[in-house]
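Both counts, for ligands and for their atoms, begin at 1 and track the order of listing. One is the number of the first residue; the rest follow in order along the sequence. Computed from a predicted structure; not experimentally measured.
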Amino acid sequence: LFKSIRESLSRTRQSVFGQIANVLGAGDITDETWDDLEALLIQADMGVPTTFQVVENLRERVKREGIFRTDQLLDGLKKELRAILVDAPVFELEEPRLLTVVMIVGVNGSGKTTTIGKLAEYYKARGRRIMVAAADTFRAAAIDQLSIWAERADVPMIAGQPGSDPGAVAYDGIRASRARGFDLLFIDTAGRLHTKFNLMKELEKVFSVCKKSVHAAPHEVLLVLDAPTGQNALVQAQKFKESVHVTGVILTKLDSTAKGGMVFAIYRELGLPVRFIGTGERLQDLAPFDADQFVEGLFEEE
Ligand SMILES: Nc1nc2c(ncn2[C@@H]2O[C@H](COP(=O)(O)OP(=O)(O)OP(=O)(O)O)[C@@H](O)[C@H]2O)c(=O)[nH]1
Ligand SMILES: [Mg+2]
C-alpha cells in the first residue's frame, strides 16, 4: 500500500503545525500573535525569507478582510501557504515522446538510487517502458545498489565498469533504450564531493551527452533533497543549480522528520517545484506531490 503525503507529515504536524492551531486560540490578534506565528514557522524549517513573506501577506489579508480574532486566522494562513506553492510547469517526464531522459542528481545519501527504484515501480504501473543507467561510477557499490532496485522494480539496467566515464554510461543507456524500445530512462549519478569542482563537472558532462543525443534532453533533471537536512539542503541545491539545469525536486525521508516546512522554502527560495515526496524505505513509498493535500496535511489528523 502506498503511504500518503498526509501520513508522512505526522512528525511535522505534531511538532510544529499542529501547535499553530493551539497558538491561534480565541482572542484578539495582537503583536504577540504575529511574533508567535513567525517563531513557529521558522521552527518548521520554512526559512526566514519565506516565513516573513507568509506573515506579511497574512497581515495584509487580515486588514483587507477585517479579521480581528485569532481563531479566524487559520483559514487565511492555509491560503497564504498554498499561494507559495505556485503551479508547476508541465512535468516533462509525463509528456508523450519516443524517449524521455531523466537525470537524478543530489548529494550522497540523499536517496537518489532508492528513489529511482520507486520511480521505476511507479511509472511501470502507468504503462511506461523503463530502463535505468548506473552513471554513478565513482563507487563500485553504487552499481550494485542500483541493480538491486532495478531488480525489485523489474526493469533493465545499463552499467559500465566502476571508474568508467559516467557520460559514456549515459550514452549507452540512451542507445540501449532506443534500440530496445524503452520510452523512459532514469540516469543515476554520483553524489560524493559535492563541494569539489569535479563532481559538478561530471554532472555537466552527463547533461551534455543527454543534450547532444536526444532532442530537448534531459527532459527533467530532478534534484533529490533529504528532508531531515533541512535548510542545509537548500545550500546544496544552489550548487547543483549552478552546474546543471535542475527542473524539480524530490523530497525524501519526509516520514522521518519534522522539517516539512522546507517545501515552502524550496518553492520560494529555489524557485523549483516539488514533484514527489519520499514517504519511506520501501519500493512503494513514493507519493506524487499535491499542494492542496500537502497544506491540509500540515494541520489535520487522518
Ligand atoms: N525513511 C526514508 N528513508 C529513505 C527514503 N529515501 C531513501 N531513504 C534511505 O536513505 C538511504 C540512502 O539512500 P540511497 O538511495 O542509497 O541514497 P543515494 O543518494 O543513492 O546515495 P549515494 O549513492 O551514496 O550517493 C537509504 O538507507 C534509504 O533507505 C525515504 O523516503 N524515507
Ligand atoms: Mg546511490
Q: Considering only the protein, which heavy-atom contact is closest to atom 16 (O) of ligand 1, and what is its distance?
A: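 So the nearest neighbour among protein heavy atoms is Thr114 OG1, 4.1 Å.
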Q: Can Asp183 and Arg128 be said to form a salt bridge (charged side-chain N to carboxylate O under 4.0 Å, His left out), step by step?
A: CA-CA 7 Å; Asp183 66 16; Arg128 303 290 290 267; 3.3 Å; yes
Q: With atoms numbered from 1 as shown, which atoms in ligand 1 lie under 4.0 angstrom from a non-hydrogen atom of Asp136?
A: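 Near Asp136, meaning under 4.0 Å from one of its heavy atoms, ligand 1 has 23 (O).
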Q: For ligand 1, which is the ligand I care about here, please tell me if Leu254 has any N or O atom under 3.5 Å from one of the ligand's N or O atoms.
A: no
Q: Which atoms of ligand 1 have any heavy atom of Val107 under 4.0 Å away?
A: 19 (O)
Q: Which of parallel (below 30°), tilted (30 to 60°) and perpendicular (above 60°) describes Tyr123 and Phe186?
A: tilted
Q: Which protein non-hydrogen atom lies closest to atom 20 (O) of ligand 1, naming both residue and atom, and how far is it?
A: Thr113 OG1, 2.8 Å
Q: Polar-atom distance check: Gln145 versus ligand 1, any N or O pair below 3.5 Å?
A: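 By distance alone, the answer is no.
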Q: Which ligand 1 atoms, with their elements, are less than 4.0 angstrom from a heavy-atom of Gly278?
A: 31 (O)
Q: Is there a side-chain contact between Phe182 and Ile130 in this structure, where contact means two heavy atoms from C-beta onward sitting under 4.5 Å apart?
A: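 No, side chains not in contact.
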Q: Any idea which of Lys112, Lys118, Arg139, Lys253 brings a heavy atom closest to atom 11 (C) of ligand 1?
A: Lys253
Q: Using the side chain to side chain contact (heavy atoms under 4.5 Å, CB included) rule, pick out the option among Leu222, Val132, Val224, Val155 that qualifies with Ile116.
A: Val132
Q: Report yes if some heavy atom in the side chain of Lys259 is under 4.5 Å from a heavy atom in the side chain of Pro228; otherwise report no.
A: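 The answer is no, as the side chains (C-beta and beyond) never meet within the 4.5 Å cut-off.
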Q: With a 4.0 Å cut-off on heavy atoms, does Ala142 reach ligand 1?
A: no
Q: Which of the numbered atoms in ligand 1 are under 4.0 angstrom from any heavy atom belonging to Thr279?
A: 31 (O)
Q: Of all the atoms in Thr113, is at least one N, O or S atom closer to the Mg ion (ligand 2) than 2.8 Å?
A: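 A backbone or side-chain N, O or S atom of Thr113 is under 2.8 Å from the Mg ion (ligand 2).
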Q: What pair of heavy atoms forms the shortest contact from Asp136 to Ile143, and how long is it?
A: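 Shortest heavy-atom contact: O-CG1, 4.0 Å.
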Q: Consider only side-chain N and O atoms of Tyr122 and Gln284, and report whether a donor and an acceptor are under 3.5 Å apart.
A: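 Per modelled atom types, Tyr122 and Gln284 side chains form no pair under 3.5 Å.
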Q: If you measure every N or O of Glu281 against every N or O of ligand 1, does any of those distances drop under 3.5 Å?
A: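 N/O-N/O distance below 3.5 Å exists for this pair.
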Q: Do Asp285 and Arg282 have side chains that approach each other closer than 4.5 Å (heavy atoms only, starting at C-beta)?
A: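 Side-chain contact under 4.5 Å: yes.
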Q: Quickly, which of Lys78, Arg13, Arg82 forms a salt bridge (Lys or Arg N to Asp or Glu O under 4.0 Å) with Glu296? Name it, please.
A: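 Going through Lys78, Arg13, Arg82 one by one, the salt bridge (Lys or Arg N to Asp or Glu O under 4.0 Å) with Glu296 is satisfied by Lys78 alone.
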Q: Please state which protein non-hydrogen atom is closest to atom 12 (C) of ligand 1 and give its distance, to 0.1 Å?
A: Gly109 O, 3.6 Å
Q: Over all heavy atoms of both residues, which pair between Leu81 and Phe264 is shortest? Give the atoms and the distance, please.
A: O-CE2, 3.3 Å
Q: So is there a nitrogen or oxygen of Gly111 less than 3.5 Å from a nitrogen or oxygen in ligand 1?
A: yes
Q: Measuring from non-hydrogen atoms of Gly280 to any atom of ligand 1, is the shortest distance under 4.0 Å?
A: yes
Q: Below 4.0 Å, non-hydrogen atoms only: which portion of Asp255 touches ligand 1? Side chain, backbone, both or neither.
A: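 Contact part for Asp255 vs ligand 1: side chain (C-beta onward).
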Q: Centre of Phe289's six-membered ring, under 6.0 Å away, within 45 degrees of the axis: is that where NZ or CZ of Arg275 sits?
A: no
Q: Under 3.5 Å between some N or O of ligand 1 and some N or O of Ser256?
A: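 Checking ligand 1 against Ser256, no N or O pair falls under 3.5 Å apart.
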